[in-house]
Amino acid sequence: QRLEAAKDKSQIFDLGTVRHRTKEGDILYVQITGQHFPMNKKNARIVHIHDVTETILLKKEVEEVYHEQQQHIENNPLGMVKYDKDFIVREWSQRAVEKTGYTKDEVVGRSLFETDLLSGRHVKEVKERLQNIPTGKKDNDRFETVIELKDGNIMDVLIHVSALYDKKGDIKSVLAFIENITERKDYERELKADKERLRGAQELARIGWWSYEAKDNRVIWSDVLFDILNVDKRDFRGSFEDFYELVHPDDREKFARVM
């Protein structure tokens, strides 16, 4: 029907790709093209059948690999963002949507630094780190920062970044995975606060402490202990022998047995 409707009788028509079964029962993918071919004053047609099985199967394999990779990315507990050398976001995974609250429409196609994810001093810090990737100074990096979620809350994150280059060595794309480390950072902040409170309490109560790391023959003192024993930090090398010399001679034998 397409050949009959053609005004330009010399035009070659792509009639599509179909499956053919060989005499042995194998399936081939063939591309069919046709054109008018007047012969002996008759309105004949010529049809070309081109075996494209290898191309079709390769295309399917590539599509399957891509689909498999996308499944891994979407099921990854880390959010994924892919951007180009100009920091324009090209992909934003579903996990990134779930973690940040920002939809793909709100992020894809925009510069990473034009989104509301980064604010204040964090913009400069992140930009400096990420700029090392497209310039070729690094092909991967990992660093901690803070992002702002759509609901206004703050999330501590660990960013894993890697770059993909073409055969000429030019940047093709940069892939970044976003890991939520808020729980760990909260614990670290609380631990730091506890240490500060403990140090303050020890100073008020004049309580000192020390620990001995036998593997390294290293003695660690608290600041209060230096003050109680009236020892200058600069004069204390931190070895067990230095500490032993400070013990009263009458108690050294007992001290050595305990240690």
Side-chain angles (χ1 to χ4, degrees), residues 1-112 133-134 136 139-142 159-179:
Q1 290 176 347
R2 293 180 62 188
L3 286 173
E4 290 293 341
K7 295 181 180 179
D8 183 359
K9 300 304 181 181
S10 64
Q11 183 178 356
I12 298 176
F13 285 89
D14 181 358
L15 303 177
T17 301
V18 297
R19 288 180 296 176
H20 277 200
R21 187 185 299 276
T22 67
K23 186 177 180 179
E24 291 76 18
D26 297 327
I27 298 297
L28 296 180
Y29 290 88
V30 295
Q31 183 183 25
I32 302 176
T33 58
Q35 67 182 122
H36 287 280
F37 188 72
M39 185 175 61
N40 298 328
K41 297 182 180 181
K42 293 182 180 180
N43 189 19
R45 301 168 181 80
I46 186 170
V47 176
H48 305 274
I49 299 178
H50 178 52
D51 183 0
V52 292
T53 303
E54 187 175 343
T55 302
I56 294 296
L57 293 180
L58 181 60
K59 182 180 178 182
K60 285 189 173 184
E61 183 178 347
V62 171
E63 289 175 348
E64 288 176 0
V65 171
Y66 176 77
H67 179 70
E68 183 179 343
Q69 289 176 339
Q70 289 300 110
Q71 286 294 105
H72 283 305
I73 289 174
E74 295 299 337
N75 293 326
N76 195 306
L78 310 184
M80 185 279 293
V81 53
K82 184 166 78 172
Y83 56 91
D84 60 22
K85 61 184 179 63
D86 298 316
F87 300 106
I88 303 300
V89 178
R90 298 306 179 190
E91 290 187 35
W92 184 251
S93 73
Q94 182 58 35
R95 194 72 68 189
V97 174
E98 296 170 2
K99 285 182 174 294
T100 66
Y102 292 102
T103 66
K104 295 181 181 181
D105 291 338
E106 292 173 310
V107 178
V108 175
R110 298 178 61 191
S111 168
L112 187 63
I133 302 296
D139 58 5
N140 63 79
D141 197 4
R142 188 176 70 165
I159 307 292
H160 308 260
V161 191
S162 62
L164 178 65
Y165 298 88
D166 60 22
K167 293 181 179 179
K168 296 180 180 179
D170 297 326
I171 194 78
K172 288 184 65 176
S173 63
V174 179
L175 201 64
F177 286 93
I178 305 170
E179 180 180 358

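Values below: every heavy atom of this structure, side chains too, minus hydrogens, waters and symmetry copies.
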Look up atom [atom1] in [X] and atom [atom2] in [Y], then write down how far apart they are to the nearest 0.5 Å.
| X | Y | atom1 | atom2 | value |
| --- | --- | --- | --- | --- |
| I56 | Q31 | CD1 | CD | 8.5 Å |
| K104 | Q94 | NZ | CD | 6.0 Å |
| T103 | E106 | OG1 | CD | 3.5 Å |
| S173 | L164 | OG | CG | 4.5 Å |
| T33 | H48 | OG1 | NE2 | 5.0 Å |
| L57 | I27 | CG | CD1 | 11.0 Å |

What do you reckon, is CD of E61 surrounded by more than 12 foreign heavy atoms closer than 6.0 Å?
->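 It does not: E61 CD has 12 such atoms or fewer within range.
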
Does D86 reach the main-chain N or O of I88 with its side chain, forming a donor-acceptor pair under 3.5 Å?
->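 Not a single qualifying donor-acceptor pair exists.
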
Identify whether the distance between the nearest side-chain nitrogen and carboxylate oxygen of K60 and E63 falls below 4.0 Å.
->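 A salt bridge is absent here (no side-chain N lies under 4.0 Å from a carboxylate O).
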
Which atoms form the tightest heavy-atom contact between Y102 and W92, and what is the distance?
->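 For Y102 versus W92, the nearest heavy atoms are O-NE1, 2.9 Å.
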
Taking all atoms of both residues into account, what is the closest heavy-atom pair of D51 and T53, and its distance?
->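 Looking at all heavy atoms of both residues, the shortest contact is OD1-OG1, 2.6 Å.
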
State, without any angle test, whether Y29 and K59 hold a side-chain donor-acceptor pair at a distance under 3.5 Å.
->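 The answer is no; no qualifying pair exists.
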
Between V89, L175, V108, which is the residue that forms a side chain to side chain contact (heavy atoms under 4.5 Å, CB included) with K82?
->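 Output: one option passes, namely L175.
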
For a side chain to side chain contact (heavy atoms under 4.5 Å, CB included) with I49, tell me which candidate from V30, L28, V18 qualifies.
->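 The passing option is V30.
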
Could you tell me whether the side chain of F177 reaches within less than 4.5 Å of the side chain of V81, counting heavy atoms only?
->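 Side-chain contact under 4.5 Å: no.
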
Do the non-hydrogen side-chain atoms of V174 and V161 ever get within less than 4.5 Å of each other?
->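 Contact flag for V174/V161 side chains = yes.
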
Stepwise side-chain contact (heavy atoms from CB on, under 4.5 Å) test for R95 and M80 = CA-CA 7 Å; R95 194 72 68 189; M80 185 279 293; over 6 Å; no

